[in-house]
Amino acid sequence: MRLSQSLIPTLKETPAEAQIASHRLMLRAGLVRQMASGIYAWLPAGLRVLNKISAIVREEQAAAGAQELLMPTIQSADLWRESGRYEAYGKEMLRITDRHERDLLYGPTNEEMITSIMRESVKSYRELPQNLYHIQWKFRDEVRPRFGVLRGREFLMKDGYGFDLDYAGALLTYKKMMLAYMRTFQRIGITAIPMRADTGQIGGDLSHEFHILAPTGESGVFYDATFEAGDPAAAADVETFYEQMTTIYAATDEKHDLAAWEKIPDERRREGRGIEVGQIFYFGKKYSESMNFTVTGHDGTKIFPEMGSYGIGVSRLAGAIIEARHDEAGIIWPDAIAPFRAAILNLRQGDAATDKICNELHEKLGADCLYDDREERAGAKFAEADLMGHPWQIIAGPRGAANGQVELKRRATGERLELSVADALAKVMS
RNA sequence: CGGGGCGUGGCGCAGCCUGGUAGCGCGCUUGUUUUGGGUACAAGAGGCCCCCGGUUCGAAUCCGGGCGCCCCGACCA
């Protein structure tokens with residue numbers, strides 16, 4: 001993609017409303033624009049991030065046996081009256097009336113809807129277990145939206161719902177989802193820690209939140225340093241994995257257990273701030289019972305399926321990652337979800353040898369690279385590339401172009417290498 | 001929902017107290033210059049001063065009402 005023909009409106013100065021790093025950088029790097037309080041438009045580069053996160057989520061959900069569907073954003077109030085949450089949910093729910101005076105709402109979550117879909121079609125124990133998810137925009141009318149996309153009112157969430165015949169099955173689904181989540185976060189390139197959590201509006205009795213560590217996080221977190229070492233998803237099987245995840249200490253301030261904390265050796269105690277990027281719940285028959293969803297068991301009796309729900313804040317992740325990975329110059333994207341894997345900086349637009357090298361690079365690297373072909377000073381190009389946080393920068397100028405050399409810069413480390421065009425390409429694509 | 005603040009070209013801000021017809025920096029356009037870390041000079045374009053009403057000969061400025069946005073706290077993927 002050529003920068004000269006792209007809508008990537010970077011800002012030299014920080015808009016006054018942005019207080020925290022991720023918000024400032026998302027605006028400055030041209031990823032998002034605010035359209036109303038807590039409501040954002042995702043510009044082309046920002047959308048690429050959302051799409052890359054979603055793609056990884058999809059792959060890991062598929063690997064865990066979950067099926068993707070797509071439910072609407074607008075829901076009927078009647079559905080929510082069945083579960084009793086239409087009244088219970090309060091002002092966070094955006095309520096809408098259509099031209100026929102029917103009560104609708106913009107979905108803050110989808111337990112009722114998925115249960116309704118399942119109960120229409122699933123009648124036999126033979127059809128369970130099933131696990132379904134979608135990636136869809138949600139709306140929660142927060143009292144005070146803030147921190148850019150970290151606490152928006154409209155946000156993109158992956159929400160999944162598991163249906164099992166019994167507690168054992170539901171617990172296994174819960175464990176599988178925890179594993180899928182840890183793999184997802186790992187592939188995205190961040191460290192997330194599962195922490196025991198309250199169940200809030202969703203209800204139920206077993207829940208974990210996944211936090212990524214960042215000094216500006218909204219929750220205080222306490223954890224055993226063991227989480228920082230090794231590969232959390234490397235366990236031989238899901239039971240071993242779950243055992244490890246739930247025996248090593250980790251809790252948010254709400255659930256912090258001083259007695260357990262003090263048993264951990266001093267040097268392994270870690271205290272910090274966390275940003276919640278996902279949460280999983282087991283809540284049993286809460287919705288199957290209230291909404292009368294049953295399947296017939298092999299002995300002919302009716303069974304209320306056991307349920308759980310599984311959420312990842314996709315749009316929040318985009319902000320949270322920046323919060324965890326940036327410096328004074330800008331964003332430091334992990335390779336897996338950077339809007340562009342590499343940027344080509346043409347330091348002398350119009351210099352024949354330089355242009356030739358850049359065009360060749362652009363062609364070979366394809367759509368996942370951004371070619372800065374603008375008529376700008378070198379300094380401006382460097383500054384903007386650092387701001388946007390491309391994992392790799394390929395810097396081409398007349399100095400090196402004469403003998404076929406370019407400079408390759410790694411954003412995360414600042415490391416630079418003088419390489420031939422072919423070697424630079426090989427490194428970026430590996 | 002309690003407390004505080006802000007709204008002036010695209011962005012960051014000054015002007016408001018003490019009313020007299022809008023200014024600075026960045027960005028944008030054109031030309032020259034510069035050419036490896038946000039270059040310099042020159043000439044331009046661009047503003048219902050958030051909205052409505054009031055006071056006044058005259059309102060960005062004073063008064064009343066409304067809307068929007070931000071920050072702190074309580075609440076939340």
Side-chain angles (χ1 to χ4, degrees), chain A residues 9-20 23-24 27-28 30 33-39 89-93 107-111 135-160 181 192 197-202 207-212 218-219 252 254 274-281 309-320 328-330 345-351 354 372 374-387 393-401 405-407 409 414 416 418:
Chain A
T10 55
L11 266 22
K12 212 164 170 179
E13 286 173 284
T14 303
E17 74 269 16
Q19 296 297 313
I20 65 164
H23 192 196
R24 282 200 302 268
L27 292 169
R28 287 195 52 214
R33 284 296 183 263
Q34 184 176 139
M35 296 292 109
S37 177
I39 299 176
Y89 217 95
K91 291 191 166 178
E92 291 235 319
M93 180 145 73
T109 178
N110 288 60
E111 282 81 8
I135 298 177
Q136 178 62 289
W137 292 92
K138 305 291 185 291
F139 194 92
R140 296 187 189 174
D141 199 359
E142 297 279 347
V143 243
R144 177 145 105 86
R146 65 184 117 173
F147 305 145
V149 302
L150 291 181
R151 176 156 306 285
R153 293 192 294 172
E154 188 184 53
F155 56 95
L156 187 61
M157 180 164 88
K158 171 267 170 184
D159 45 322
Y181 275 33
D198 281 324
T199 50
Q201 294 275 20
I202 310 282
S207 178
H208 283 84
E209 289 177 354
F210 296 80
H211 285 259
I212 73 177
E218 289 194 79
S219 342
T252 59
E254 305 177 316
I275 302 173
E276 184 189 343
V277 292
Q279 186 166 12
I280 57 178
F281 303 86
S309 75
Y310 308 96
I312 293 180
V314 174
S315 52
R316 173 180 284 185
L317 258 174
E328 324 71 53
L345 311 193
N346 185 333
L347 299 191
R348 186 80 61 85
Q349 210 64 42
D351 176 77
T354 310
D372 190 345
R374 298 168 306 160
E375 299 285 348
E376 284 289 346
R377 292 263 316 173
K381 295 193 177 189
F382 288 131
E384 285 201 15
D386 284 349
L387 206 214
Q393 293 172 18
I394 307 177
I395 300 158
R399 212 157 70 186
Q405 298 279 110
V406 293
E407 188 175 304
K409 175 176 165 183
R416 301 141 166 275
E418 287 276 340

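All values reported here derive from a predicted model rather than from experimental measurement. In what follows, every heavy atom counts, from backbone to side chain, and hydrogens, waters and symmetry copies are set aside. Each chain gets a letter, A, B and so on, in the order its sequence line appears, and its residues count up from 1.
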At 4.0 Å (heavy atoms only), tell me whether A:G311 reaches a base, stays on the sugar-phosphate, or touches nothing.
nothing

Just to verify, what does A:E142 make a salt bridge (charged side-chain N to carboxylate O under 4.0 Å, His left out) with, not counting sequence neighbours?
A:R151

Nearest whole Å is fine: how far is B:G36 P from A:D372 CG?
15 Å

Taking the P atom of each, how far is B:G53 from B:A59, in whole Å?
13 Å

Out of curiosity, A:L345 CG to A:T354 OG1, how far, rounded to the nearest 0.5 Å?
12.0 Å

Taking only side-chain nitrogens and oxygens of A:K12, does any of them come within less than 4.0 Å of OP1 or OP2 of B:C11?
no

Residues forming a salt bridge (charged side-chain N to carboxylate O under 4.0 Å, His left out) with A:D386, sequence neighbours excluded:
A:K409, A:R411

Nearest-Å distance, CG (A:D141) to P (B:C75)?
18 Å

What's the CZ-P distance between A:R374 and B:C28, to the nearest Å?
9 Å

Whole angstroms only, please: what is the CD-C1' distance between A:E92 and B:C75?
7 Å

Residues which pass salt bridge (charged side-chain N to carboxylate O under 4.0 Å, His left out) with A:E384, listed by chain and number, not counting sequence neighbours:
A:R374

Nearest heavy atom decides the nucleotide; on that basis, is A:E13 or A:I312 closer to the 5' end of RNA chain B?
A:E13

Pair partner, B:A40 [Watson-Crick or wobble, under 3.5 Å]
B:U32

Take the protein atom CZ of A:R28 and the nucleotide atom C1' of B:G10, then report the distance between them rounded to whole Å.
15 Å

To the nearest angstrom, how far is A:L11 atom CG from B:C26 atom C1'?
11 Å

Protein-to-nucleotide contact annotation, 5' to 3' order, nucleotides 67-74 of chain B [B base; S sugar-phosphate only; - none; under 4.0 Å, heavy atom]
--SSBBBB

Residues at least two apart in sequence or cross-chain that pass side-chain hydrogen bond (donor to acceptor under 3.5 Å, both in side chains) with A:Q34, listed by chain then number, are A:Y40

Residues two or more places apart in sequence or in another chain: which of them pass ring-ring contact (aromatic ring centres under 6.0 Å, His included) with A:F139?
A:Y106

Nearest 0.5 Å, what's the CD-CD distance between A:Q349 and A:E376?
10.5 Å

Pairwise C1' distance for B:G38 and B:G25, with rounding to whole Å:
14 Å

Name the pairing partner of B:C6, where a pair is Watson-Crick or G-U wobble with both distances under 3.5 Å, or state none.
B:G68

Once ring-ring contact (aromatic ring centres under 6.0 Å, His included) is applied, do any residues pair with A:Y181, and if so which ones, sequence neighbours excluded?
A:F210

Between the protein and nucleotides 7-9 of chain B, which nitrogen or oxygen pairs come in under 3.5 angstrom?
none

Watson-Crick/G-U partner (both atom distances under 3.5 Å) of B:C48
none

Considering only the C1' atoms, how many Å lie between B:U33 and B:G47, rounded to the nearest integer?
31 Å

Pairwise C1' distance for B:G46 and B:G23, with rounding to whole Å
14 Å

Mind checking side-chain hydrogen bond (donor to acceptor under 3.5 Å, both in side chains) for A:Q136 and listing every partner two or more places apart, or none if nothing turns up?
none

Taking the P atom in each of B:U34 and B:A40, what is the distance between them to the nearest angstrom?
14 Å

Atom CD of A:Q19 and atom CZ of A:R146: how far apart are they, to the nearest 0.5 Å?
12.0 Å

From the set B:G38, B:U34, B:G12, return the single nucleotide nearest to any side-chain atom of A:R377.
B:U34

Could you measure between the two C1' atoms, the one in B:C72 and the one in B:G64, and give it in whole Å?
29 Å

In whole Å, what is the span from the CZ atom of A:R348 to the C1' atom of B:G36?
9 Å

I'd like to check the side-chain contact (heavy atoms from CB on, under 4.5 Å) partners of A:A320; sequence neighbours left out, ordered by chain and number.
A:L150, A:I212, A:I275, A:V277

What nucleic acid atoms does A:T14 come within less than 4.0 Å of, heavy atoms only: base, sugar-phosphate, or nothing?
sugar-phosphate

Euclidean distance for P, B:G54 against B:A14 (whole angstrom)
30 Å

Walking RNA chain B from its 5' end, the first of A:G400 and A:P15 to be reached, judged by nearest nucleotide, is A:P15

Taking only nitrogen or oxygen atoms into account, show me every contact under 3.5 Å that the protein makes with nucleotides 42-49 of chain B, one pair per line with its distance.
none

Would you classify A:D159 as touching base, sugar-phosphate or nothing, given that sugar-phosphate means primed atoms plus P, OP1 and OP2, and contacts are heavy atoms under 4.0 Å?
nothing

Between B:C50 and B:G12, how far apart are the two P atoms, rounded to whole Å?
14 Å

Who does B:C1 pair with, Watson-Crick or G-U, both distances under 3.5 Å?
B:G73

Scan A:G152 against the nucleic acid and name what it touches under 4.0 Å (heavy atoms): base, sugar-phosphate only, or nothing.
base

Tell me, please, which residues at least two apart from A:E407 pass salt bridge (charged side-chain N to carboxylate O under 4.0 Å, His left out).
A:R416

Please work out if A:A378 contacts a base, only the sugar-phosphate, or nothing of the nucleic acid, heavy-atom cut-off 4.0 Å.
sugar-phosphate

Nearest to the A:E142 side chain among B:C75, B:G27, B:G36, which nucleotide is it?
B:C75

Less than 3.5 Å apart, any donor N or O on the side chain of A:S309 or A:E111 sitting next to an acceptor on the other?
yes

Main-chain N/O of A:I280 paired to A:S207 side chain as donor or acceptor, under 3.5 Å
yes

Is the shortest side-chain N/O distance from A:K91 to OP1 or OP2 of B:C1 below 4.0 Å?
yes

Figure out the CG/P separation between A:D351 and B:U35, and round it to whole Å.
14 Å

